[in-house]
Undergrad: 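First, the structure itself, so that you have it in front of you.
Chain naming here is simple, since letters A, B, ... match the order of the sequence lines and numbering starts at 1 in each.
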Amino acid sequence: MSRARLIPAALALVASFGVTREALAQNAGEGDPLVSYASHREPPESPQSVAIELRFGPYRPKIDEELPAAKPYETTFGSDARFYLGTELDWQMLRIPFVGTLGPGLGLGYTKMSAAAPFTAPPHAPSGETTTLTIMPMYAVGVLRVDVLARQASIPIVPYGKLGVGYALWWAGNDLGTSRYSDAAGEHTGHGRSYGTHLALGGMFLLDAIDRHASAQLDNETGVNNSYFFFEIVRSNLDGFGKGDQMRVGSDGWVMGLALEM
Amino acid sequence: MSRRPLASLAVPAALAALALTSARSAEAQSITVPDSGITRTNGFRTDLTNKYWLSQQDCLADDQLVFSGTVTGYLGSGSALQVWVGATGTDCRDSAQRSITTGQCWQVPITAGTADVEGPFTLQVRVRDIAAKNTGASTVTDGGTPTGAGESVAACYGTAVQTGDDAVSLSVYLLWTAAGGALPSNATHYVWTTKFDVHGPPAPTVTSVDGADTFLKVHFSEPSTVTDVSGFRFYCRAASSGVDAGQLDSYVPEASTPVTCDPDAAISDASIDGDADAGDAASNACVDASTDAASDASSSVDSGPIAGGACSGTEVPIDEAHLCGSVTGATATEGLVTGLENDTPYAVAIVGLDALGNIGDVSTAACATPAQVTDFFEAYRGAGGQGGDGFCATRGVGRRGAGLGGAFVVAAVALGAAARRSRRRS
C-alpha cells in the first residue's frame with residue numbers, strides 16, 4: 001500500500017474503532033432499556049487539572065557528539081542503550097475549547113551505566129575496576145494535549161507536544177568513589193550538570209475506551225478522570241544551548257509509559 | 001551433790017554437744033552469686049547477645065572470669081570452693097564425672113581470690129584454663145589441685161572441647177567442698193552456663209582476584225552450609241623476585257627479570273598460603289606451643305622460630321601485619337584490597353570471621369597485579385571533554401547553569417502548589 005493511501009486508511013481505522021465501540025455499546029444494551037439509556041450519556045466526571053506520567057525507555061547519552069574522534073562513552077560503555085525510568089507532573093492550567101489542555105510540566109528521571117574500566121597499557125584489557133556514569137535528567141516544559149478527539153469524537157487518541165528546557169545532574173565514579181582527573185589546570189572531579197533544550201512529540205491511547213464503566217468507577221473512587229498508555233519521541237539537547245562546554249548527557253530516542261489525568 | 005548425779009549428767013551433756021555439732025554440720029549450705037557478681041577482666045562484648053560467651057580472642061587475651069558472691073554453711077576446717085567445668089548436661093557434682101579416668105568434667109584453677117570460709121568471696125578463673133581441656137592433659141584428680149593447666153595459646157585453637165564450628169554450651173560449677181575436696185552428700189553448688197566458641201568459619205574459596213588501579217578486587221565464596229559468618233578479612237603480601245625465587249626477599253627491581261607471584265612457593269610466610277615452606281622466616285605466625293617464646297603467650301603472633309614442619313591443626317597461621325582489607329556481611333562475595341602499588345604482584349588470602357570475631361581457617365592464596373586504569377571520566381577529560389567539576393561550576397556559563405538548577409527547584413515547588421490549589425478549588 002502506498003504512503004498516500006496509508007494515512008487515510010489509518011484514520012479510517014481509528015474512526016471505525018470509535019464507531020464500533022458505540023455500536024457495541026448499543027448492541028450490548030439491546031433489550032435492557034436502562035443500559036441502552038446509560039450508554040448514550042457521558043457519566044459526570046470529577047474536575048481535572050493535573051496529569052502524572054510514569055515513563056521508561058532506552059537511554060543513549062549524546063556524550064560522544066562533543067568528542068566524535070575519541071568517543072569516550074562508546075569506548076567505555078559500548079553502544080547499547082541503557083534503561084531509563086522517569087516521572088512527569090503536568091498542570092493542565094488552561095483548557096482551550098475544541099483543542100485540549102495547555103500547561104507547564106516537570107519531569108525527573110534516572111539512568112545508570114557501568115562497565116569494566118580498561119587498563120591504560122595496551123592491549124587495554126578489561127580490569128577489575130568498575131567505572132560508572134549516573135544521570136538524572138530533568139526538564140521543564142509547556143505541554144499541549146489535544147484531547148478533543150477523545151472527548152468529542154470518541155476517538156481514544158490524544159496527540160501532544162512538549163517544549164522547554166532540559167537539565168541533568170550526572171556523576172562519574174569507580175569502585176573507590178567519584179572519579180577524578182588531573183591535568184595542567186588541576187584536579188577535576190567527575191560530577192557536574194548539563195542543560196539545554198527539550199522537545200517531545202507523542203500520542204496517548206485512552207484506556208477508558210476499553211471499559212467505560214470501570215473508568216467511571218475509578219473516577220468516583222479515586223478522582224482519576226482518564227488513564228492512558230503513551231508513546232513519545234524525545235529530543236534532549238543538553239549542550240549548554242549550543243555552547244558545547246558540557247558533557248552532553250541528553251538523549252534522543254523514545255519513551256513509553258502510563259499517564260493519569262485527575 | 002553426789003558423784004552419781006554428776007556422772008549421770010555427763011552422757012546427756014555429751015549427747016547435747018554432739019547434737020549441737022551435728023546441727024551445725026546440718027546447717028543449710030548455699031552459694032549465691034547475683035547477676036552483677038559475674039564480670040570479666042577484659043570487659044564485655046558490645047553485642048549483649050554474646051556478652052558471656054567465651055571466644056578465641058578472650059582466650060588469646062587471657063581474659064578472666066570473676067565470680068563474686070556469698071557462701072554459707074560450715075563444712076569444717078579445710079572447706080573450699082572448687083571450680084569445675086563440663087558440657088551442659090554433665091553434672092559435675094557426680095564424682096564419676098570428676099574422675100580423671102572416666103569423667104567428663106575438668107577442674108579449673110582459681111587464679112585469684114579465695115573461698116575457704118563462709119561469707120563473701122571473689123575468685124577468678126582463666127578462660128584459657130577453661131579451654132585447657134583442649135590440651136587433652138587434664139591431670140586433675142578428685143579433690144586434687146589442677147596441674148598442667150593450659151596457659152598456652154594452643155588451647156585457644158584446640159578441638160577437645162569444640163570439635164566443630166558450632167558453639168558448645170558449658171556449665172561452670174562452683175562446688176563447696178569439705179577438707180580434701182570431698183563433696184558431702186548435701187553439698188551445695190552454683191552453676192553458671194555459658195557458650196564456648198573458639199573456632200572461626202572454614203576457609204573461604206578465592207574464586208578470582210582482579211587487578212585495578214592501586215587496588216585488587218577479590219571474589220570469593222563460603223560454603224552455603226556455613227551459617228556463623230559475620231565478615232571476612234583479606235591478608236596480602238607483595239610478591240617479588242630476588243636471587244632465590246622461592247623466597248620473599250626484599251624487592252629487587254630487575255628490569256630483565258619479570259616479577260612473578262607464585263602463591264605457594266613464592267610466599268615464605270605461611271600466614272598467606274596456609275602451610276609452612278622451607279626457610280620460613282622468623283616472622284612466620286604459625287603458633288607452635290612447643291617452641292613458643294614466653295612473650296607469645298598472649299598473642300596470636302609467634303615471634304619465635306618455627307622448628308620446622310607445617311602448621312598443625314591446632315595452630316592458626318595469621319599475621320595481622322599482613323591485614324590489607326575487610327568486608328562485613330555473611331553474604332559478601334566480593335571485597336577490595338586498597339592502597340597497593342601498581343605493577344607489583346600481590347598474593348591475597350582470605351579468612352572468615354564469625355559473630356564472636358573468631359578468625360577461621362585461611363584460604364588458598366591467589367595472585368594479581370594492580371595497574372593503571374582509565375575509567376570513563378578520565379577517558380572523557382583526556383580526550384578534551386569539558387564537563388565536570390561539580391554541580392555549581394564557576395565557569396562563565398556555570399553561574400547560569402547553577403541558576404537554572406535553582407529555577408527548576410522553584411518551578412517544581414510552584415507547580416505542585418498551584419496544582420494543589422487548583423484541585424482544592426474544584
Undergrad: Looking only at heavy atoms, what is the nearest atom pair of A:G128 and B:A212, with distance?
TA: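 It is C-CB, 4.3 Å.
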Undergrad: On the 0 to 90° scale, with breaks at 30° and 60°, tag the A:Y73-B:F376 ring pair as parallel, tilted or perpendicular.
TA: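 It falls in the perpendicular class, over 60°.
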Undergrad: Answer whether the closest heavy-atom distance between the side chains of A:L176 and B:L336 falls below 4.5 Å.
TA: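 Yes, their side chains come closer than 4.5 Å.
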Undergrad: So which part of A:T76 gets closer than 4.5 Å to some heavy atom of chain B, the side chain, the backbone, both or neither?
TA: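 Side chain of A:T76 only, per the 4.5 Å heavy-atom cut-off to chain B.
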Undergrad: So which atom in B:G390 and which in A:T189 form the shortest heavy-atom distance, rounded to 0.1 Å?
TA: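 B:G390 and A:T189 have their closest heavy atoms at N-OG1, 3.7 Å.
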Undergrad: Return the option, out of B:A379, B:G211, B:S208, B:A383, with the maximum number of heavy-atom pairs under 4.5 Å with chain A.
TA: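 Winner by heavy-atom pair count: B:G211.
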Undergrad: Is it the case that more than 12 heavy atoms not belonging to A:K71 sit under 6.0 Å from its NZ atom?
TA: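 Counting neighbours around NZ of A:K71, 12 or fewer heavy atoms of other residues, nucleotides or ligands fall under 6.0 Å, so no.
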Undergrad: Please give me the minimum heavy-atom distance between B:F377 and A:A172, naming the atom from each residue.
TA: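 That closest heavy-atom pairing would be CB-CB, 3.8 Å.
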Undergrad: Which answer fits A:R180, side chain, backbone, both or neither, if we ask what part of it has an atom under 4.5 Å from a heavy atom of chain B?
TA: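 Looking at A:R180, just its backbone touches chain B.
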Undergrad: If you take all heavy atoms of B:T374 and A:A117, which pair is closest and at what distance?
TA: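 Closest approach of B:T374 to A:A117, heavy atoms only: O-CB, 3.8 Å.
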Undergrad: For the interface with chain B, which of A:G173, A:P118, A:A70 has the highest count of heavy-atom pairs at distances below 4.5 Å?
TA: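 Most pairs with chain B among the choices: A:P118.
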Undergrad: Please state whether the side chain, the backbone, both or neither of A:D175 comes within less than 4.5 Å of a heavy atom of chain B.
TA: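 For A:D175, the contact with chain B is made by backbone and side chain together.
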Undergrad: State, yes or no, whether a side-chain contact exists between B:K217 and A:T130 at a heavy-atom distance under 4.5 Å.
TA: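 B:K217 vs A:T130: side chains touch.
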Undergrad: State, with a plain yes or no, whether a side-chain heavy atom of B:F215 is found less than 4.5 Å away from one of A:E129.
TA: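 The answer is yes; the side chains approach within 4.5 Å.
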Undergrad: Given the options A:L67, A:D64, A:T131, which has more heavy-atom pairs under 4.5 Å with chain B than any of the others?
TA: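 It is A:L67.
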Undergrad: Would you please indicate yes or no on a ring centroid separation below 6.0 angstrom for B:F391 and A:W171?
TA: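 Aromatic pair counts; centres sit under 6.0 Å.
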Undergrad: Determine the minimum heavy-atom distance between A:S179 and B:D375, stating which atoms define it.
TA: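 Closest approach of A:S179 to B:D375, heavy atoms only: OG-OD2, 2.8 Å.
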Undergrad: With B:Q386, which of A:E66, A:Q246, A:H188 fulfils side chain to side chain contact (heavy atoms under 4.5 Å, CB included)?
TA: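 Exactly one option meets the side chain to side chain contact (heavy atoms under 4.5 Å, CB included) with B:Q386, and it is A:E66.
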